Amino acid sequence: MKYEPVIGMEVHVELSTKSKVFCGCSTNFHAPANSNVCPVCLGMPGVLPVINKRAVEMSVMVGLALNCTISRWSKMDRKNYFYPDLAKNYQISQYDLPLCHDGFIDIKANGTSKRIGITRAHLEEDTARNTHTIGGGDSGVDFNRCGVTLLEIVTEPDIRGAEEAFAYLTELKQLLRYLDVSDCNMEEGSLRAEANISIRPTGTESFGTKTEVKNVASFSGIQKAIEFEIARQAKLIDEGGKVVQETRGWDADRGITFSQRAKESAHDYRYFPDPDLVPIVVDEAWEGRIRESLPELPQARRARFESGYGLSAYDAGVLTAEKEMADYYEAVVKQGCAPKQAANWLSVELQALLTEHKQELTASKVTADRLAAMLKLIEDGTISGKIAKEVLLDMFESGKEPKAIVEEKNLVQISDTSAIESAAREVIAANPGPVAEFRSGKEKTFGFLVGQLMKATKGKANPQMANEVLRKVLKETE
Ligand SMILES: [Zn+2]
């Protein structure tokens, strides 16, 4: 590779505090436009903001999970700019003293582990939302979002390609979901990611001029936008041109980035400490209480699933991707089910049904208790794995207990040798052609005959016994 990409990420995440960060207004996303507003978040003169304690706690939780140092003393600053979506003409943010700083997160990309430095995570308020009618004409501003708690997480320029950027975002989102501090819904804008991208000749140290790509609606979109931007900058430099520092948008339909505006520098914002807010003091005791309240984090849980349940790295990764899935899995295993079997039924069979019906695991009628009860029916030989698929589908649709389904549909596995033997004799009599083929040495035909035997017993024959008995009867009748 002629050039090496150098990428830093900025992620804005809306924290799920019940009320906004500086006033008591609700943060409900689905409320009618401009219904969650008050003089504070509308920027009326003379009002006084008061910081939301829970917003500080949630930010510290994220900071600790990202291995950051938590500032004992920090403050809020005014970032001055005019936009129609910010009525008071400044955003309350943090400038030189962020609440959390100097952390890291470990990611896995291209098959190796890599540490990405976290420069800072600071608290600020979200802006209102501008809406424009398609075709022009009308524009509106919805202030419901104005003042919603926002945490901005900034990385060091440690990311070296689109795949690493994708891995970082995936890992970060997983962490935030485990901490239960945000729903991270990109469609509703509760997680927004921007990438600062530059390239430099491979082997050199100094940074090239960077562009900032924003307003991308998905992680895969960001990955594509970065790939495009790296190629665009390389071509520009190869042709003797210069990269201009600017903000670029992403056109998902055309698959290109495009220039939006020249990038402002920090000094353009005339930051100064907000005189209406007291400093934020997080003493050791408070930080300690927050640290103790942290749940088990994804990486620790993945490692525990591998060592504790003997799962492969892949299975552990799939099962811990979402906290709900990991909790569900552990609820099943705690009832004494074999870990590997539980992993397969959850991440393959049940997951397929959930995907097909676009259903969330937590909303499924197949509760952890029911899945565990079904797995026990397989383990004790009451039903075969094949029949269990039928039971699972029934449970998924009806929400009935697996035992009731098995009794109702008469699905109990046939483990009675004489019943299987008589079915085997019928199959042999009805299939003289395949039987002759098998006897002439075509072992493959045996599979077909087993299939016929399973069909004759409506899938209820114990599969292992079906194999053994069929072989025995074939020999006896030769
Ligand atoms: Zn308000």
Side-chain angles (χ1 to χ4, degrees), residues 3 5-14 77-86 89-95 98 119-122 124-132 139 141 145-146 150-159 161-162 164-166 168-169 172 186-187 189-200 207-237 241-271:
Y3 297 108
V6 177
I7 301 161
M9 302 290 300
E10 288 173 24
V11 169
H12 285 89
V13 59
E14 277 183 1
D77 299 287
R78 288 187 183 181
K79 181 181 184 181
N80 298 283
Y81 66 96
F82 172 77
Y83 271 114
D85 55 13
L86 203 55
N89 282 349
Y90 60 85
Q91 179 191 30
I92 305 179
S93 180
Q94 294 194 291
Y95 181 46
T119 314
R120 57 190 281 158
H122 69 256
E124 58 187 31
E125 59 181 337
D126 209 346
T127 58
R129 186 192 297 271
N130 293 328
T131 53
H132 310 285
S139 289
V141 188
R145 197 179 73 174
C146 195
L150 212 55
L151 187 70
E152 181 174 337
I153 302 164
V154 183
T155 74
E156 291 290 297
D158 290 343
I159 295 166
E164 283 186 18
F166 185 86
Y168 165 72
L169 292 172
L172 180 66
M186 286 189 91
E187 277 162 26
S190 38
L191 191 149
R192 292 153 359 225
E194 297 156 29
N196 288 303
I197 308 156
S198 65
I199 59 171
R200 62 186 174 195
F207 294 133
T209 306
K210 67 183 177 187
T211 58
E212 184 183 4
V213 177
K214 18 175 29 159
N215 302 323
V216 191
S218 68
F219 287 179
S220 59
I222 290 165
Q223 192 172 2
K224 284 183 203 138
I226 291 173
E227 277 162 8
F228 176 87
E229 193 54 23
I230 293 168
R232 185 189 72 86
Q233 292 184 12
K235 185 163 179 278
L236 197 62
I237 293 169
K242 268 197 173 128
V243 176
V244 182
Q245 182 167 342
E246 62 185 352
T247 299
R248 296 179 70 85
W250 169 244
D251 184 332
D253 294 331
R254 293 163 67 201
I256 58 164
T257 64
F258 58 93
S259 179
Q260 283 189 312
R261 59 185 161 95
K263 173 91 179 127
E264 298 86 352
S265 300
H267 63 255
D268 293 328
Y269 290 117
R270 298 293 189 271
Y271 281 97

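Because the structure is predicted, anything quoted here is derived from the model rather than measured.
In plain terms, the two heavy atoms of M9 and A195 that are nearest each other are SD-CB, 3.8 Å. Residue V141 comes nearest to A128 through the heavy atom pair CG1-CB, 3.6 Å, listed as atom of the first residue, atom of the second, then distance. Listed here is the closest heavy atom pair of I7 and A162: CD1-N, 4.5 Å. Taking each heavy atom of A121 and P98 in turn, the nearest pair found is O-CB, 4.1 Å. Closest approach of M186 to A217, counting heavy atoms only: CB-O, 3.7 Å. The shortest heavy-atom contact between A193 and L169 is CB-CD2, 3.9 Å.
In this structure, the side chains of Y168 and I159 come closer than 4.5 Å at one or more pairs of heavy atoms. Between Y3 and I230 the shortest side-chain heavy-atom distance does not fall below 4.5 Å. In this structure the side chain of R129 never reaches within 4.5 angstrom of the side chain of D85, judged on heavy atoms. Side chains of Y81 and Q91 form a contact here, defined as non-hydrogen atoms less than 4.5 Å apart. The side-chain heavy atoms of T247 and K214, taken from C-beta on, include a pair separated by under 4.5 Å. For the pair R248 and I197, the minimum side-chain heavy-atom distance is 4.5 Å or more. Residues E212 and E10 meet the side-chain proximity criterion, which asks for heavy atoms closer than 4.5 Å. Side chains of T209 and S198 form no contact here, defined as non-hydrogen atoms less than 4.5 Å apart.
Annotation: the span from D126 atom CG to L86 atom CG amounts to 9.5 Å, rounded to 0.5 Å. The line from CD1 of I256 to CH2 of W250 is 8.0 Å long, rounded to the nearest 0.5 Å. One finds the CD1 atom of I237 at 12.5 Å from the CZ atom of R200 (value rounded to the nearest 0.5 Å).
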For F258 and Q260, what are the C-alpha separation, side-chain angles and deciding distance, and is it a side chain to side chain contact (heavy atoms under 4.5 Å, CB included)? CA-CA 6 Å; F258 58 93; Q260 283 189 312; 3.7 Å; yes
Audit row: T257, R232, side chain to side chain contact (heavy atoms under 4.5 Å, CB included) steps and yes/no: CA-CA 9 Å; T257 64; R232 185 189 72 86; 4.0 Å; yes
I'd like to know whether H12 forms a side chain to side chain contact (heavy atoms under 4.5 Å, CB included) with E194, so could you lay out the CA-CA distance, the side-chain angles of the two residues, the decisive distance to 0.1 Å, and finally the verdict. CA-CA 8 Å; H12 285 89; E194 297 156 29; 3.7 Å; yes
Give the intermediate values and the outcome of side chain to side chain contact (heavy atoms under 4.5 Å, CB included) for residues L150 and E152. CA-CA 6 Å; L150 212 55; E152 181 174 337; over 6 Å; no
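Judged by distance alone, with hydrogens and angles left aside, the side-chain atoms of R145 form a donor-acceptor pair with the main-chain N or O of T127 at under 3.5 Å. N80 places a side-chain N or O within donor-acceptor distance of the main-chain N or O of R270, the cut-off being under 3.5 Å. For the pair S139 (side chain) and H132 (backbone), a donor-acceptor distance under 3.5 Å is absent. Between the side chain of D77 and the main chain of Y271, no donor-acceptor pair closer than 3.5 Å is present.
With no hydrogens or angles considered, no side-chain donor-acceptor pair links E246 and T211 at under 3.5 Å.
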Counting only pairs under 3.5 Å, give me each side-chain donor-acceptor contact of residues 218-227, with atom names and distances, residues two or more places apart or in other chains.
residue, atom, partner, partner atom, Å
S218, OG, S220, OG, 3.3
S218, OG, G221, N, 3.0

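For the side-chain hydrogen bond (donor to acceptor under 3.5 Å, both in side chains) test, no residue two or more places apart in sequence or in another chain qualifies with E14.
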